Number of protein chains: 2
Amino acid sequence: MKEKIYVHVADDHKILIEGIIAVINTDKEIEIKGYSLTGQEVIDWFSQKENQADVLILDITMPVLDGFQVLKHFKKKRIDQKVIVLSSYDDLKIVQEVLNLGCKGYISKNNAGEHIVNAIKTVAKGEQYFSNDIQSILLKSISGQMVPQGEMPDKFLLDSLTERELDVLKLITKEYSTIEMADLMNLSVNTVETYRKSLLKKLNVKNAVGLAMYAVKNNIV
Amino acid sequence: MKEKIYVHVADDHKILIEGIIAVINTDKEIEIKGYSLTGQEVIDWFSQKENQADVLILDITMPVLDGFQVLKHFKKKRIDQKVIVLSSYDDLKIVQEVLNLGCKGYISKNNAGEHIVNAIKTVAKGEQYFSNDIQSILLKSISGQMVPQGEMPDKFLLDSLTERELDVLKLITKEYSTIEMADLMNLSVNTVETYRKSLLKKLNVKNAVGLAMYAVKNNIV
DNA sequence: AGTCATCTCACGGAAAACCGTGAGATGAAA
DNA sequence: TTTCATCTCACGGTTTTCCGTGAGATGACT
C-alpha cells in the first residue's frame, strides 16, 4: 500500500479551490491538508511545523502576497517545498520566472482538471511536470534547446536591469563596498543601497555573492 | 626640468636604509621623504595625508608588520601606492605573492645598488621593474608564459586552502550564510566564521564577493 | 494631462559579515 | 617527542549589508 500524498492548495478564488478538492478527492492516494486564499496565508500555514504538505498547488495571482513571492520566500528560507504553479497565464516569462524560483510543475487553469492528479503524483516523486500546452510553449521558445533540469537561462532578467543597477552590479563584483561605490559614483550611500536592494529583488538572490555569481554567469564581469 | 620623484624607504636595518639613501642621493631627480623601520610605521606614515611618496621601497622582512601586510593594507584600502619590494629572498612564491598584492617592482638586495635608481624611475612612470635576476626566475618558472600585466595565476594560493576552508568557500558561492553553513556542516557558527576569516586572509580579498569571484576564476564553483 | 520607469535620497532597525585574538584537541611528520 | 597544520570553538566589538518604506524629480510615452 502506497503512502498518502498530502497537498495544500492556494488560490484566491474559493470556488476554484473547491473544484480542485473535488477532483483530487477522486483519488484516494492524495489528501488535502488545508488551503489558503492569499500568499501570506500560505507562508503562515507552512511556517507552523505541524503543517506540512508534500505538494503545494499555488496560484500566481493572489492578494496580499502573490505566488511569486511565496516561491521567493521558500527559496530564500531554503525550504525545499515542491510546488505546482497554477496559472491562467500561459506566458513564457512567467513560466521561466517560476522555474527559476524553484517550482517543480506548472499547469494552466484551462486544463487543470485533467492534469492536476497526474501533476501531483509526478511532482511528489521528485520529478517535474508541465501540462502539455505549457510544454509546447517552452519547447517552442527555446528552439532546439531541450528542457534541462529546471535550470533556465535568465537573460530576460538581465534585460530588466537599469543602467545604474548594472553599474552597481559591476562594482560589487570588484569587491566594492556600498560606501566606496557611493564615493566613486558621486551618489548618496542611500542611493547605492537602493540599487543593491533592487538588484537583490530583481535577480532573486540572497546576498552580494548571489549578485556576483549572477554577473559571472551572464558574463557581465 | 623634470619633477622630483619622492621616495619613502622601509627596512628594519637602519644601515641598509642609509645605504639606499646614499645611492639615491646621487641622483638629483629623486628625493627621500622619510623612512620607516617597521611595517606599522609605514602604514602610520602614509596614513597622514601630508606624508605622500611616489614610490615606496619596501622590505619584506620587518618586525611588527612585514612587507606583505603593508601591501595588503594598501590593497584593502584601495590605495594605489607604487611599491618596489626589496627582498633578500629570490623565491618565486614571494615574487608571485607580492605581485598579486599589487607591487610594481621587485629587486633583490644582492644587486640593489645598481638597480634602485632605475627601478624607482621606471616604477614612477607607471611601469613595472624587476631586477634581471628576478626576471630570469620569473621567466624560468612560467616556462613559455610571458609576464603579463602584473596578473599572475594564483594557483599556489588555492593549494594552501584546507579541506574545510574549501567546503566553506563552495557554500559561500551558493549564497549560504554563516549560520546556514554552521547548520549544514554541524559546526559552531564561530568555527565557520574562523574559516571565512582565514579565507579572506589567504586569498587576500575584501569580502565574500571576493571569495566567490576567486572561486569562479579557479573553477571551484 | 497623466501614467510610467528611472534616478535620486532618507531613515531606522535587524541581520550578517568582518575583525582580532586566543586557545584546546588531534593526528601526522620530523 | 616535539613541532606543525588543521580543526574546532569562544567573545566582543565594528562595519556592512539587508530590509521596508516612502518620496521627490525628470523625462518619455500615451
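In what follows, chains carry the letters A, B, and so on, assigned in the order in which the sequence lines appear, proteins first and then strands, with residues in each chain numbered from 1. Since the structure is predicted, the reported quantities are computational estimates derived from the model, not experimental observations.
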**Prompt:** After noting the C-alpha distance and the side-chain angles of W45(A) and Q40(A), does the key distance pass the side chain to side chain contact (heavy atoms under 4.5 Å, CB included) rule?
**Reply:** CA-CA 8 Å; W45(A) 192 87; Q40(A) 190 59 60; over 6 Å; no

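- Between the two ends of the helix from dA1(C)-dT30(D) to dA30(C)-dT1(D), each summarised by a five-pair axis, the helix axis turns through 50° (rounded to 10 degrees).
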**Request:** Give the intermediate values and the outcome of side chain to side chain contact (heavy atoms under 4.5 Å, CB included) for residues L199(A) and R196(A).
**Result:** CA-CA 5 Å; L199(A) 281 169; R196(A) 285 190 93 116; 5.6 Å; no

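- Residue pairs meeting the salt bridge (Lys or Arg N to Asp or Glu O under 4.0 Å) criterion with at least one member in residues 167-176 of chain A, sequence neighbours excluded, are R164(A)-D167(A).
- Separation of the F46(A) and H73(A) ring centroids does not fall under the 6.0 Å cut-off.
- Heavy-atom contacts from other residues, nucleotides or ligands closer than 6.0 Å to OH of Y35(A) number 12 or fewer.
- In this view, Q48(A) and E50(A), N51(A) satisfy the side-chain contact (heavy atoms from CB on, under 4.5 Å) rule, not counting sequence neighbours.
- The salt bridge (Lys or Arg N to Asp or Glu O under 4.0 Å) pairs that include a residue from residues 57-69 of chain A are D59(A)-K109(A), where partners are two or more places apart or lie in different chains.
- In this structure, K72(A) and L101(A) approach most closely via the heavy-atom pair CG-CD2, 3.6 Å.
- In summary, contact between chain B and DNA chain D, defined as any nucleotide atom under 4.0 Å from a heavy atom of the protein, begins and ends at dT6(D) to dC11(D) in the 5' to 3' direction.
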Please enumerate all protein N or O atoms sitting under 3.5 Å from an N or O of nucleotides 14-20 of chain C, with distances to 0.1 Å.
{"from": "dA17(C)", "atom 1": "OP2", "to": "T178(B)", "atom 2": "N", "distance (Å)": "2.9"}
{"from": "dA17(C)", "atom 1": "OP2", "to": "T178(B)", "atom 2": "OG1", "distance (Å)": "2.9"}
{"from": "dC18(C)", "atom 1": "OP1", "to": "A208(B)", "atom 2": "N", "distance (Å)": "2.7"}
{"from": "dC18(C)", "atom 1": "OP2", "to": "R196(B)", "atom 2": "NE", "distance (Å)": "3.2"}
{"from": "dC18(C)", "atom 1": "OP2", "to": "R196(B)", "atom 2": "NH2", "distance (Å)": "3.4"}
{"from": "dC18(C)", "atom 1": "N4", "to": "E193(B)", "atom 2": "OE1", "distance (Å)": "3.4"}
{"from": "dC19(C)", "atom 1": "OP1", "to": "K76(B)", "atom 2": "NZ", "distance (Å)": "2.7"}
{"from": "dG20(C)", "atom 1": "N7", "to": "K197(B)", "atom 2": "NZ", "distance (Å)": "3.3"}
{"from": "dG20(C)", "atom 1": "O6", "to": "K197(B)", "atom 2": "NZ", "distance (Å)": "2.5"}

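- Contact check for K82(A) versus L56(A): no side-chain heavy atoms found under the 4.5 Å cut-off.
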**Item:** K77(A) and E180(B): CA distance, side-chain angles, deciding distance, salt bridge (charged side-chain N to carboxylate O under 4.0 Å, His left out) verdict
**Value:** CA-CA 10 Å; K77(A) 297 286 184 185; E180(B) 289 172 334; over 6 Å; no

